[in-house]
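What follows is a set of notes on a single structure, which appears directly below.
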Amino acid sequence: MADQNRTRTQRGPVTLVLRFVVIAYVFVLVIWPVSVVVQRTFAPLNGQEGGFGAFVARLSDPAVVYAFSLTGTITFWAVLINTVFGVGVSLLLVRYRFPGRRVLSVLVDLPMSVSPVVVGLALVLAYSTGSGWFGESLASIGINVIFSTPGLIMATAFISLPFVIREVVPVLEEIGTESEQAALSLGASGWQTFWRITLPSIRSAVLYGVVLSIARALGEFGAVKIVSQGAAFNGETATLLIQNRYGNFDESTAYAAAFVLVVAAVLAIVVVNLIRKPEGST
Amino acid sequence: MSIEIRGVAKRYGDFTALENIDLSIPTGQLTALLGPSGGGKSTLLRIIAGLETTDSGTVEIEGTEATHLPPQKRNVGFVFQHYAVFKHLTVARNVAFGLEIRKRPKAEIKERVAELLELVHLSQFAERLPAQLSGGQRQRMALARALAVEPTVLLLDEPFGALDAKVRKELRDWLRRLHDDVHVTTVFVTHDQEEALEVADKIVVINQGRIEQIGTPDELYDEPANEFVAGFLGPVTELDGRTVRPHDIDVHREAVPGAVVGSVARVLRVGFEVRLSVLPDGGAPASRAVQVTLTRAHARDLTAGTKVWLTPADRG
């Protein structure tokens with residue numbers, strides 16, 4: 001019923017103008033800049049050769065391989081942590097009423113609004129060995145957070161925290177508790193109910209959140225920039241590599257790495273749409 | 001006695017949902033908890049199921065103290081108003097759920113599920129998803145799912161409340177017949193007095209957190225304990241200072257000793273019945289008009305202004 005009213009059947013001049021404005025807007029902001037990156041990736045630049053072979057060669061540079069594998073590691077752990085905690089926090093927010101619930105709900109959104117640079121600074125203040133609150137004690141048991149991979153994972157987890165939660169919470173609210181209660185009355189334990197009933201019901205929301213988190217984690221720059229030493233083979237992630245190479249007259253490698261990130265982002269969007277489709281049709 | 005409830009009370013903040021409820025529900029019968037919305041009947045059912053905790057008092061199910069047992073351990077079947085289907089599982093897997101949790105052998109589960117689907121007339125839908133079923137079919141599936149674990153008691157919370165009038169009536173008849181076959185102690189919550197009168201062996205009328213009356217449908221209808229029960233179970237009117245049912249009044253066209261004399265103020269036909277408003281003589285206000293229900297045959301040639309004599313009908 002609602003679907004019938006969503007699209008207009010009449011196509012007047014207003015529709016045409018709106019369409020032109022929207023397309024122009026998207027073109028100027030997104031399509032054109034991204035297409036320049038793609039073009040530069042494969043074009044000869046500053047006397048260096050272009051084409052697909054050169055592109056692959058640039059990506060095979062050990063420093064580039066290191067950067068991407070570091071980004072991969074960080075993304076894997078940050079997303080894994082956020083998926084487990086995201087589902088847990090969502091259940092807590094939706095299924096339980098406790099003092100501070102609304103504060104928690106607001107805090108979960110904080111990473112959306114706070115600048116990643118601030119996040120990085122905050123982590124350095126809390127965990128660095130020099131001035132940090134926990135840094136000294138953690139360092140004494142052999143864990144260095146700042147300027148090492150755990151710090152990068154923490155920073156990335158922080159900034160990608162809301163994605164899973166914001167996808168799962170509305171679905172949990174919508175499905176309600178009745179089928180969970182039905183499972184309980186049929187003899188299922190809380191854990192069985194979660195695995196057999198709750199999780200399958202929120203599965204596509206979790207997947208959607210995970211894909212968004214991956215996209216966000218791959219592209220994170222600000223928080224990572226502060227927490228990482230940012231040198232080649234020493235905490236240089238893909239985004240940091242792009243910045244370093246771009247500033248050090250190795251633009252073609254920067255473009256090649258950027259292109260990989262663009263492809264990853266496009267893949268994420270495709271996956272997200274594939275997940276959304278079957279849901280909309282039922 | 002199958003379910004013994006003693007001194008059960010429940011409060012939500014300032015709101016008293018249940019107040020000191022004592023109730024015995026007999027084994028093998030179909031008992032209705034009847035009352036207006038927000039009266040506490042669903043809360044009581046959920047307390048029996050263990051889905052809600054009681055603030056005080058005890059609940060005993062088939063001789064087992066169950067007050068603090070979690071729902072998993074009570075062996076009750078619960079059917080929800082909005083079906084509570086497991087959307088991602090087929091009809092057969094929905095019904096099998098309780099048996100799978102109990103780790104019964106595969107062959108036994110298969111056999112039992114087939115049997116239950118037969119019982120609820122859903123055999124041909126076994127491999128469908130709940131989304132492909134109608135509301136009535138979903139509720140029958142939910143019932144089969146609840147029966148699969150062979151519960152000591154079957155609890156139904158407004159089971160037909162979300163269905164349209166026709167399906168509701170069919171399912172109601174079907175539930176009665178099913179209960180005659182299966183004989184599991186059944187408690188169902190409803191706000192529809194017709195449903196309770198038609199299906200239940202015994203009705204418990206609950207209002208504002210208290211039990212108003214317990215009895216068979218006939219007892220409640222013919223000898224309501226108070227005005228509330230009388231009014232909730234069916235229409236009432238006042239004849240000569242007594243509360244009677246509109247269809248328990250005889251209408252005479254000539255003088256009868258002891259009758260209330262009046263004239264017909266309004267005639268309204270609703271399908272097979274005719275409703276009269278009779279204004280007693282002696283200048284009574286319109287609000288004091290006596291409501292009388294007649295069959296069409298008896299109401300012939302009664303029109304507004306006709307003089308009538310009203311007497312309470314003898315109940316044989």
Side-chain angles (χ1 to χ4, degrees), chain A residues 1-3 83 87 90-91 94-102 164 167-210 274-282, chain B residues 12-13 42 45-46 48-52 61 69-90 93-104 129-132 138-139 141-158 162:
Chain A
M1 290 153 274
D3 289 18
T83 306
V87 171
S90 304
L91 281 170
V94 177
R95 294 284 186 258
Y96 300 91
R97 292 290 170 270
F98 53 92
R101 183 179 153 273
R102 295 189 61 181
V164 170
E167 289 304 319
V168 172
V169 161
V171 177
L172 274 178
E173 275 167 356
E174 193 200 312
I175 62 171
T177 53
E178 277 201 348
S179 48
E180 289 166 13
Q181 291 177 344
L184 291 179
S185 79
L186 287 168
S189 66
W191 193 240
Q192 282 172 318
T193 303
F194 174 74
W195 280 109
R196 286 169 179 256
I197 305 301
T198 314
L199 201 57
S201 315
I202 59 172
R203 205 186 58 200
S204 49
V206 173
L207 269 176
Y208 190 72
V210 163
L274 287 179
I275 297 170
R276 273 286 144 106
K277 273 272 162 56
E279 250 185 323
S281 63
T282 52
Chain B
Y12 297 103
S42 279
L45 195 77
R46 295 172 64 82
I48 298 174
L51 297 174
E52 208 81 67
I61 299 173
L69 277 184
Q72 300 94 304
K73 301 241 169 84
R74 297 197 184 199
N75 200 33
V76 297
F78 201 97
V79 173
F80 297 81
Q81 181 177 2
H82 297 289
Y83 328 126
V85 297
F86 304 145
K87 272 193 236 166
H88 59 290
L89 300 177
T90 61
R93 289 286 310 280
N94 261 275
V95 176
F97 187 85
L99 300 168
E100 286 178 4
I101 291 291
R102 282 166 176 72
K103 303 224 160 40
R104 296 279 171 80
L129 286 174
Q132 296 166 291
R138 280 183 221 181
Q139 198 57 301
M141 182 195 84
L143 208 55
R145 186 176 69 184
L147 287 171
V149 299
E150 287 170 356
T152 329
V153 288
L154 182 62
L155 307 172
L156 307 115
D157 190 2
E158 302 255 8

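By convention in this document, chain letters (A, B, ...) are assigned in the order of the sequence lines, proteins followed by strands, and residues within each chain are numbered from 1. The figures that follow rest on heavy atoms only: side chains count, while hydrogens, waters and symmetry mates do not.
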Yes or no on side-chain hydrogen bond (donor to acceptor under 3.5 Å, both in side chains) for B:E158 and B:S42, after CA distance, side-chain angles and deciding distance?
CA-CA 8 Å; B:E158 302 255 8; B:S42 279; 5.2 Å; no
Name the region of B:R102, side chain, backbone, both or neither, that has any atom closer than 4.5 Å to a heavy atom of chain A.
side chain
Where on A:R196 is there a heavy atom nearer than 4.5 Å to chain B: the side chain, the backbone, both, or neither?
both
Top contributor to chain B contacts, counting heavy-atom pairs under 4.5 Å, from A:G187, A:G190, A:G176
A:G187
Proximal component of B:A146, with respect to chain A [non-hydrogen, under 4.5 Å]:
backbone
Donor-acceptor pair, distance only, cut-off 3.5 Å: does the side chain of B:R74 make one with the backbone of A:S185?
no
Taking it one step at a time, do B:I101 and B:V149 satisfy side-chain contact (heavy atoms from CB on, under 4.5 Å)?
CA-CA 10 Å; B:I101 291 291; B:V149 299; over 6 Å; no
B:L155 side, atom CG; B:F80 side, atom CZ - distance, nearest 0.5 Å
10.0 Å
Using distance alone, with no hydrogens and no angle criterion, decide if A:S189 and A:Q192 have a side-chain donor and acceptor under 3.5 Å apart.
yes
Between the main-chain N or O of A:A183 and the side-chain N or O of A:T193, is there a donor-acceptor pair closer than 3.5 Å?
no
Most contact-rich option vs chain A, by heavy-atom pairs under 4.5 angstrom, among B:Q81, B:R46, B:E100, B:K87, is B:R46
Tell me, side chain or backbone of B:R145 under 4.5 Å from chain A's heavy atoms, or both, or neither?
both
Under 4.5 Å heavy-atom distance to chain A, tell me which part of B:F78 shows up: side chain, backbone, both or neither.
both
Okay, B:V85 and chain A: the region with an atom under 4.5 Å from a heavy atom over there is backbone
